[in-house]
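Input: a single structure, listed below in structure tokens.
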Amino acid sequence: TILEAGPDVGGKSYTLTDDRGVPHEMGTCYLHFEYNSLRGLLAEYDPSNKEVPVGKGYGNRRVFGTDLRQGDDGNFTHGIDFGEYVLSRSEEATVSPGCWALCWDPVQALPIFIAMTKYMDLHRKILGEYEYGLMPRPRNFADVDMTAMDFLKKHDLEAMIGFLRYTQQVQGYGILEHIPALYLLWWHHYDLIKTTIEQTVRREQDNITMVTKGYQSLWRSMAKKHQAKDGLKVVTNAAVASVTRGESGPGKGKCTVVYRDASGEEKTLKPDKVIFAANMRTFKSSITDLTPQEAEIFNDLTSVTLTTTLYEASKVDHEHTVELWFSRMQPGPDGQESGRLYAHRNSRLAIDQKSKPPPGGRERRVAYQFYNRPPQSGDAETLQAQLLKDLAISGEKDVTIMHQALWDYFPHFSNENLKKGHLWNVLAMQGQRNCAFVGSSVCFESVLDVVAYNNLLLKYLKL
């Protein structure tokens with residue numbers, strides 16, 4: 001039996017397909033070359049959900065904002081292509097300002113490749129060789145006991161900053177100036193950087209993809225197949241009140257799970273084992289027999305707020321697949337969180353660059369906003385008001401908010417708590433007390449990591 005808190009399976013894989021047949025990803029979104037485990041699941045369970053490159057071609061990812069040279073937060077005539085942005089960041093990190101005008105931009109790819117090669121050597125030195133997923137515990141934590149930005153500066157890797165602003169920060173995996181360096185090393189595995197260099201040299205642009213029916217289609221297909229084949233039961237809109245696991249071993253009794261269904265009726269399950277896929281930072285209080293070690297680990301978790309909003313607006317003269325404002329993710333001078341629109345994606349163009357604009361030109365886009373802290377009461381209203389202000393700045397008119405999803409996102413530990421070994425201690429206690437812990441609370445906030453951790457767990461528990 002699966003107890004699903006929401007109205008459908010999928011969790012943060014949340015796809016809204018509109019009346020035009022366009023899938024809008026409100027959570028899980030992209031794939032890259034490492035996602036072969038997901039490709040295997042798509043082939044087995046959802047073969048008609050085809051993979052397509054995301055808006056490939058020059059200009060389809062456009063960068064705006066105050067961190068550009070002569071950048072203007074609201075001026076859409078001075079934006080640059082994402083590739084140019086990456087090169088300009090490299091130039092600023094490696095060349096004196098007086099020489100910027102003399103540099104041929106493509107030459108600035110060389111410092112990036114040099115930095116990436118150095119990064120790969122450091123990655124292997126600090127963490128050793130391993131397949132993507134939960135990394136080995138660092139042999140010397142002092143090597144990573146700093147922020148991601150401090151790590152880059154310490155090792156003269158600033159040429160990579162433009163690239164990492166997108167691959168780490170825009171995905172919601174922390175601000176480079178704040179996130180522990182270990183999470184940078186986790187997501188940017190040696191193989192990812194190596195293949196990025198190879199694909200760039202070969203001028204391949206199809207390394208970021210999406211699926212035509214959305215990620216949630218995959219999980220629905222999996223649930224449907226196992227409901228028919230194995231008698232799997234899925235209870236949606238289930239509010240779990242308490243879980244008691246009891247002691248492991250013969251004759252120790254079964255677990256007890258108390259929940260309320262969609263009608264509000266209280267029900268009780270007596271399973272042999274329980275697998276927790278919830279956000280353990282908030283769900284831990286529902287476990288009646290939480291151990292002191294579990295309490296310490298899950299109390300030490302923190303997270304960020306990531307909000308996605310599907311909206312419709314009148315036609316604008318600067319339509320791109322993805323538009324980005326990296327500077328808007330940074331806290332203000334007073335430390336105040338901005339919560340500003342920092343990216344939006346036109347799902348129609350992302351799935352099919354050749355598709356025709358909608359009648360009347362009213363496009364639908366998914367907007368992204370971010371707080372570098374866990375969600376708080378009132379965030380949804382505050383963020384929506386800020387979104388409308390930022391859309392007005394960019395010249396978007398007659399805006400209709402269609403749906404907002406506010407995520408308690410990217411559970412992670414501080415450097416102080418990573419030093420305690422929490423990530424690896426969770427793995428060591430898997431299978432005890434008739435339970436296992438899965439999901440992003442015990443690994444990393446990406447569907448690739450959740451699947452990789454599940455596969456690791458199957459081996460670890462010899463299932």
Side-chain angles (χ1 to χ4, degrees), residues 30 32-34 53-72 75-125 148-171 175-177 181 184-185 187-208 318 320-327 329-330 342-343:
Y30 299 130
H32 61 61
F33 82 96
E34 287 270 20
V54 177
K56 76 175 182 179
Y58 179 86
N60 286 307
R61 284 184 293 179
R62 203 75 177 167
V63 181
F64 304 94
T66 56
D67 60 343
L68 303 183
R69 297 171 200 168
Q70 302 177 339
D72 182 333
N75 190 332
F76 283 82
T77 63
H78 292 100
I80 62 175
D81 178 73
F82 172 68
E84 292 176 348
Y85 171 81
V86 172
L87 294 174
S88 71
R89 297 287 92 170
S90 169
E91 185 175 73
E92 290 163 14
T94 59
V95 179
S96 298
C99 298
W100 289 349
L102 304 177
C103 289
W104 185 43
D105 279 349
V107 172
Q108 288 310 124
L110 183 57
I112 299 174
F113 292 157
I114 292 171
M116 285 181 167
T117 302
K118 187 176 182 180
Y119 173 92
M120 290 190 293
D121 290 339
L122 285 165
H123 196 284
R124 286 184 294 187
K125 178 183 177 182
M149 184 62 78
D150 286 341
F151 181 87
L152 296 172
K153 290 180 177 178
K154 177 181 177 179
H155 298 290
D156 297 322
L157 303 175
E158 291 98 324
M160 295 175 63
I161 289 175
F163 169 75
L164 297 172
R165 287 285 188 210
Y166 182 79
T167 56
Q168 182 88 23
Q169 195 163 295
V170 167
Q171 314 310 316
I175 305 296
L176 295 179
E177 287 83 355
L184 174 74
L185 292 164
W187 184 233
H188 293 87
H189 185 268
Y190 168 93
D191 287 339
L192 173 63
I193 300 301
K194 179 174 179 288
T195 302
T196 297
I197 294 174
E198 293 171 349
Q199 290 182 332
T200 304
V201 170
R202 294 196 298 263
R203 297 180 178 272
E204 294 178 2
Q205 297 182 351
D206 298 353
N207 51 338
I208 302 297
H318 50 80
H320 306 96
T321 305
V322 175
E323 295 183 351
L324 301 155
W325 295 262
F326 294 110
S327 56
M329 295 189 77
Q330 307 299 121
Y342 73 83

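Values below: every heavy atom of this structure, side chains too, minus hydrogens, waters and symmetry copies. From a predicted model like this one, the values you see are computed outputs, not experimental measurements.
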Report yes if the side chains of [X] and [Y] come closer than 4.5 Å at any heavy-atom pair, otherwise no.
{"X": "Ile112", "Y": "Leu87", "value": "yes"}
{"X": "Thr94", "Y": "Glu158", "value": "no"}
{"X": "Val322", "Y": "Asn60", "value": "no"}
{"X": "Phe163", "Y": "Met116", "value": "yes"}
{"X": "Val170", "Y": "Arg165", "value": "no"}
{"X": "Ile197", "Y": "Thr117", "value": "yes"}
{"X": "His320", "Y": "Phe64", "value": "yes"}
{"X": "Gln171", "Y": "Tyr166", "value": "yes"}

- Query: When you look at His188 and Leu192, which way does the side chain to side chain contact (heavy atoms under 4.5 Å, CB included) test go after all the steps?
  - Reply: CA-CA 6 Å; His188 293 87; Leu192 173 63; 4.0 Å; yes
- Message: Salt bridge check, Lys194 against Glu34: does any charged N sit closer than 4.0 Å to a carboxylate O?
- Response: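 No.
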- Message: Quick check against the 3.5 Å criterion: does Lys118 have a side-chain atom that pairs as donor or acceptor with the backbone of His155?
- Response: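 Between the backbone of His155 and the side chain of Lys118 there is a qualifying donor-acceptor contact (under 3.5 Å).
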- Query: Are the side chain of His189 and the backbone N or O of Asp191 linked by a donor-acceptor pair below 3.5 Å?
  - Reply: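 Yes, because the side chain of His189 sits within donor-acceptor range (under 3.5 Å) of the backbone of Asp191.
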Specify the closest pair of heavy atoms between [X] and [Y], including all atoms of both residues, with the distance to one decimal.
{"X": "Pro111", "Y": "Ala159", "value": "O-CB, 3.7 Å"}
{"X": "Gln168", "Y": "Leu184", "value": "OE1-CA, 3.6 Å"}
{"X": "Ile175", "Y": "Gln169", "value": "CA-OE1, 3.6 Å"}

Supply the atom-to-atom distance [X] [atom1] to [Y] [atom2], rounded to the nearest 0.5 angstrom.
{"X": "Phe326", "Y": "Ile161", "atom1": "CZ", "atom2": "CD1", "answer": "12.5 Å"}
{"X": "Ile114", "Y": "Leu157", "atom1": "CD1", "atom2": "CG", "answer": "11.5 Å"}
{"X": "Phe82", "Y": "Arg62", "atom1": "CZ", "atom2": "CZ", "answer": "13.0 Å"}
{"X": "Thr196", "Y": "Phe113", "atom1": "OG1", "atom2": "CZ", "answer": "9.5 Å"}

- Query: Going through the distances and angles, do Glu84 and Gln108 end up as a side-chain hydrogen bond (donor to acceptor under 3.5 Å, both in side chains)?
  - Reply: CA-CA 10 Å; Glu84 292 176 348; Gln108 288 310 124; over 6 Å; no
- Does the ring center of His123 lie less than 6.0 Å from the ring center of Trp187?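 That pair fails the under 6.0 Å test.
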- Relative to each other, are the rings of Tyr119 and Phe151 parallel, tilted or perpendicular (30° and 60° limits)?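 The rings of Tyr119 and Phe151 stand perpendicular, inter-plane angle above 60°.
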